[in-house]
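First the structure, in the form of structure tokens, and then the observations on it.
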Amino acid sequence: MPYSNTVLYATSLTQAGGALLTAAVLHGLSRYHASTDYLRHWTRSWLALAVHLLYGAGASVLADAYGPAHPAAIAFAAVAAAAGYVQIGWLLLGAYELTTGGTVARHSGQRIFIALALIGAATSVPFVWDPAADGERFVFRVGIRAATVGTSFFAAAYGIWHSHVRAHELGPRLVSAAFVAYAVEQLHLFALGAITLGTGRPVSYADYVGMVDFLIQFAIGLGLVIWLLEAERQVAATAAAQVERLAYHDVLTGLPNRQLFLDRLRLAIAHARRAGTKLAIFYFDLDRFKTINDSLGHRAGDRLLQIVGERLTNLLRAEDTVARLGGDEFTLLSPFVEHVEDAVAIARRVREAVKAPLTLEGRELFVTTSLGISFYPDDGDDAEMLLKHADVALYRAKAAGRDTFELYTASMNAQALEQLVLESSLRRALENGELVMHYQPIISLDSGRISGVEALLRWHHPELGLLGPDNFIFLAEVTGLIVPIGEWVLRDACTQLRRWQLAGRRDLRTAVNLSVRQLQQSNFVNRVARVIDETGIAPQCLELEITESIAMHTADGTLETLRDLKRLGVRISVDDFGTGYSSLSALRLFPVDALKIDRSFVRDVLVRDYSVRDALGEDGGVRAPPAVDNTAIATAVIALAHSLNLDVVAEGVETDRQLDFLRERQCDAWQGYLYSRPLPADAMERILG
């Protein structure tokens, strides 16, 4: 080919310098950005290009000096051609990983590069022994590769432009444009070779295309630098946004946290103050969440919180804010609430949304919530005060029986203070010996004799006098004091039973109520066994009562605890039977010996004979007839228990007619005011004789 050798060599060296410079830039970027594998592939691609250009120039020098068929010229040409085709492979591999995020298996990549190297080496051999075939040799060595390189760079540019990478930013646009320019230059080079081969005359400016190549290489390197700087900026912005979200949002539910809620509440208060409007704060939590969390596991508890968060989010208006304060506590800010009726409607919607059935760990659950409500400006003029008063109202809702809501009133502060004082006193009651046991007889319907007693806790408060469990058991449960108090009750009841047995009532049994927290203690069975051993009672003389609500939220660990107690010889009974949601499942799952019919059913068993005597309650007030036929319910419970070989004990028997009814249905035992109120141990001892 009649090219100027000086210009040709200078052009090749310029192109090789540009390729080495681009490779150095890519190498530096790949070291700084360790996770970008495509940069390492492209570094190798431009190194291969530099080898291709340098060895190509060397092959041209040797061909001019010794002829193209000289072994050294052929070897240099083969290395140059192999490197040129390997460059294409590294380029496409990097583009593939950049645009798809995928990778090519190592052994597959090795096969591809070996094949490309062999193809490249093969293109350097044709027409080397024909000195007159310069044009044909140029087409094989340069033209075919130029066409392949041009096509490959077009494909890489297209992939970058349309990939998930932010092609709308300057860096990706510049790289894509430079790739297109390089592809055009290579295809142009192929066209020049074809023209020269066809006409026999070289194009006058062809020797200077290398300068354009150098500029394109520079543009590629600059574009990559800009691209990665933009990516760094985006990563930093994303990290900052994530940090801000973590600072103001709950990780588990994605809801605003306390800080963000208070910020929005303060803004809402400022707006309401200027506009002269009202707003409402709702403070609520999930009833018996700890029972679910402890029974089904923390994963189930976390999922429950997420479900509740999703339901609340879907429930609210655009201007409302719902937040998770921690644990199972949520708050809701509802601006523009002018009337109490509006707040009540919102509270009811929240209750219904939470109450909808859900499935956790393969179990269908019915979760309820209790809410406290406060208003601006009626109940406070700052965020902290409104939140505090809503919390006080929530506490009153809990004390009222859960699954309800309470509006804050000023008197609640005094009541909350009383509860706080009572809680402090309860913590000292056990060590001060203020807790005492009362006992209510359980009478066998067959013999008419006392077959057992139920141990009932009382608190002899130094200032308030004798308090029943309704006044402090809730506090004991929420503070965790129920565990040490429950253990003391068990020991004291068993000790007293042993005294009565030694006095002659060897067949007497005692029934002790359990809380779910006691059952969840890992060593509870060992504690019961130790109490039985230390007090000397027979295990079958101890009956442990669980409520049906425990059955509703039970887990395998609780069931296994009850089965261990049963293997110990202790009797198990279900208290308040019929008031829960899963009576039949409780009977199926639990190792039960007896059922206790709740007093609410016993009280009105004679609904069909409802009379003036029934209408006038013991306190002289008027009592409306029950809406449900409790006679049928009590009869069904007794029949069901007997069909399962379980004993039945009726609670709350107050009249002879109720007793006659139970006798007719062959109930096994009963207890109630008709025989005796709960009595201290010494008074009970006189009844036992």
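Keep in mind that what you see is a predicted model, and the values were worked out from it rather than measured.
Of all heavy-atom pairs spanning D285 and T369, the tightest one is O-OG1, 2.6 Å. The shortest heavy-atom contact between F261 and L387 is CE2-CD1, 3.9 Å. Pairing each heavy atom of R311 with each of L358, the nearest pair is NH2-CB, 3.6 Å. W90 and H41 get closest at one heavy-atom pair: CB-O, 3.3 Å. Taking all atoms of both residues into account, the shortest heavy-atom contact from I346 to S334 is CD1-OG, 3.3 Å. Minimum heavy-atom separation, V180 to A157: CG2-CB, 3.6 Å.
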Exercise for review: Would you please test S152 and T148 for side-chain contact (heavy atoms from CB on, under 4.5 Å) and show each step?
Suggested key: CA-CA 6 Å; S152 300; T148 306; 4.3 Å; yes
Exercise for review: Apply the test side-chain contact (heavy atoms from CB on, under 4.5 Å) to residues I269 and L386: give CA-CA distance (whole Å), side-chain angles for both, the deciding distance (0.1 Å), then the verdict.
Suggested key: CA-CA 10 Å; I269 291 173; L386 287 171; 3.7 Å; yes
Exercise for review: Apply side-chain contact (heavy atoms from CB on, under 4.5 Å) to R273 and Y376, showing your working.
Suggested key: CA-CA 9 Å; R273 184 179 293 118; Y376 171 85; 3.3 Å; yes
Review point. Can L47 and L20 be said to form a side-chain contact (heavy atoms from CB on, under 4.5 Å), step by step?
Key: CA-CA 6 Å; L47 284 174; L20 287 173; 4.1 Å; yes
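Ring geometry for H271 versus F336: interplanar angle over 60°, hence perpendicular rather than tilted (30 to 60°).
V322 has its side chain out of reach of T331: every pair of non-hydrogen atoms, C-beta onward, lies at least 4.5 Å apart. With a 4.5 Å cut-off on side-chain heavy atoms, S370 and L394 count as touching. Looking only at side-chain heavy atoms (C-beta outward), L265 and L333 come within less than 4.5 Å of each other. Using a 4.5 Å heavy-atom threshold, the side chains of L21 and W46 count as separate. Put simply, the side chain of L93 reaches to within 4.5 Å of the side chain of F113, judged on heavy atoms. Within the 4.5 Å cutoff, the side chain of E384 has no heavy atoms near those of the K388 side chain. With contacts defined as side-chain heavy-atom distances shorter than 4.5 Å, the pair F330/L255 qualifies. Annotation: side chain of R264 is in contact with side chain of P256 (closest heavy-atom distance under 4.5 Å).
Between R266 and D263, at least one side-chain nitrogen of the basic residue sits less than 4.0 Å from a carboxylate oxygen of the acidic one, meeting the salt-bridge criterion. Ion pairing between R299 and D302 fails under the 4.0 Å rule for side-chain N and carboxylate O. Taking a cutoff of 4.0 Å between a charged side-chain nitrogen and a carboxylate oxygen, R324 and E310 do not qualify as a salt bridge. Residues D403 and K355 are paired through a salt bridge, judged by an N-O separation under 4.0 Å between the basic side chain and the carboxylate.
A ring-ring contact (aromatic ring centres under 6.0 Å, His included) check over residues 285-318, counting only residues at least two apart or in different chains, returns nothing.
If you take OG1 on T368 and CG on L286, they are separated by 8.0 Å, rounding to the nearest 0.5 Å. The line from OG of S374 to CD1 of I281 is 5.5 Å long, rounded to the nearest 0.5 Å. Note that CZ of R303 and CG of L252 are 9.5 Å apart. Values are rounded to the nearest 0.5 Å. Separating the CG atom in L116 from the OH atom in Y85 is a distance of 9.5 Å, to the nearest 0.5 Å. Note that the CG atom of D320 and the CZ atom of F282 stand 8.5 Å from one another [nearest 0.5 Å]. Here the CG-OG1 distance, from L262 to T321, works out to 11.5 Å after rounding to the nearest 0.5 Å.
In terms of modelled atom types and a separation under 3.5 Å, the side chain of T253 and the main chain of Q306 share no donor-acceptor contact. In this structure, the side chain of R317 engages the main chain of P335 through a donor-acceptor pair within 3.5 Å. The closest donor-acceptor contact from the side chain of H52 to the backbone of A83 lies at 3.5 Å or more, if one exists at all.
Taking F76 as the reference, Y55 meet the ring-ring contact (aromatic ring centres under 6.0 Å, His included) condition, with sequence neighbours excluded.
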